[in-house]
Amino acid sequence: MSRALLIVDVQNDFTEGGALGVDGGGAVAAGITRLLAEHAHEYAAIVASRDWHDPDGDNGGHFAYWGDGGQGEPDYVDSWPPHCIAGTEGAEYDPALDTTAVTHHVKKGQGRPAYSMFEGVTDDGSTVAAVLAERGIESVDVVGIATDHCVRASALDAIAQGQRVRLFTDLIAGVAPEPSEAALAEIVHAGGELAESGNASA
């Protein structure tokens, strides 16, 4: 069965030192690079997503504030400080992530909230669902940031699309422990599998 690797939002603003940096984000980037060095040839597609928010405005309320006023307090559930603004360093992939083997780059959240990579499109307008369908892919491995937000949403959408989902727990990082654990439980309840990247060939 054809398998794809889905790499969720391994960006500078989500790793240490970024606008919404997550502890362990840099290690996730380096770990995914190691996975790709050993296993890239085993995947029929390698899809990497990035938040790519518009530089003007609050992106449909996704940003709690915009501009110099600093008005509004983010609740870190539905609203956030500005991050991953298109064309900025924060929106770029973390330098520890080697994207050479990536076959499809997806941008999401352009002018609106978007958590799942399935809400994004490639530069030619293809959806992730279309990319997987075109290649007859029936199984995906999911890695990236953040466990309790975009990784969760992407994994659940993959399951909803009929994919067999395997989440590599050593290649994800979450914002907070409790919601991250809840996200993993939700993914398993929906039919996903938790594994370690050392079992990538299994």
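All values below were derived from every heavy atom in this structure, side-chain atoms included, with hydrogens, water molecules and symmetry-related copies excluded.
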Legend entry - Donor on one side chain, acceptor on other, E138 and S2, under 3.5 Å: no
Inset, instruction - Any chance you could measure I172, atom CD1, to C150, atom SG, to the nearest 0.5 Å? - result: 13.0 Å
Legend entry - D13 side chain to A19 backbone, donor-acceptor under 3.5 Å: yes
Legend entry - Residues D9, R50: salt bridge by 4.0 Å N-O rule: no
Inset, instruction - Start with the C-alpha distance between H105 and Y93, add both sets of side-chain angles, then the distance that settles ring pair (Phe, Tyr, Trp, His ring centres under 6.0 Å), and finish with yes or no. - result: CA-CA 11 Å; H105 297 271; Y93 294 114; 5.6 Å; yes
Inset, instruction - Measure the spacing between NZ of K107 and OG1 of T122 and express it to the nearest 0.5 Å. - result: 10.0 Å
Legend entry - Residues H39 and R3: side-chain donor-acceptor under 3.5 angstrom: no
Legend entry - Pairwise distance CZ(R152) to OG1(T147) - rounded to 0.5 angstrom: 12.0 Å
Legend entry - H41 atom NE2, over 12 foreign heavy atoms within 6.0 Å: yes
Legend entry - Spacing of CD1 belonging to I32 relative to OG1 belonging to T99, to within rounding of 0.5 Å: 11.5 Å
Inset, instruction - For V10 and I145, work out which heavy atoms get closest and say how close. - result: CA-CD1, 4.3 Å
Legend entry - Test item: E16 side-chain N/O and G24 main-chain N/O as donor-acceptor pair under 3.5 Å: yes
Legend entry - Closest non-hydrogen atom pair, G174 against V22: O-CG1, 2.9 Å
Inset, instruction - Any chance you could measure L171, atom CG, to D141, atom CG, to the nearest 0.5 Å? - result: 10.0 Å
Inset, instruction - Say whether, by atom type as modelled, one donor and one acceptor occur between the side chain of E38 and the main chain of G198 under 3.5 angstrom. - result: no
Inset, instruction - Say whether, by atom type as modelled, one donor and one acceptor occur between the side chain of T103 and the main chain of I46 under 3.5 angstrom. - result: yes
Inset, instruction - Measure the spacing between CG of D148 and CD of E178 and express it to the nearest 0.5 Å. - result: 11.0 Å
Inset, instruction - List the atom of Q163, the atom of V140, and the distance in Å for their closest heavy-atom pair. - result: OE1-CG1, 3.7 Å
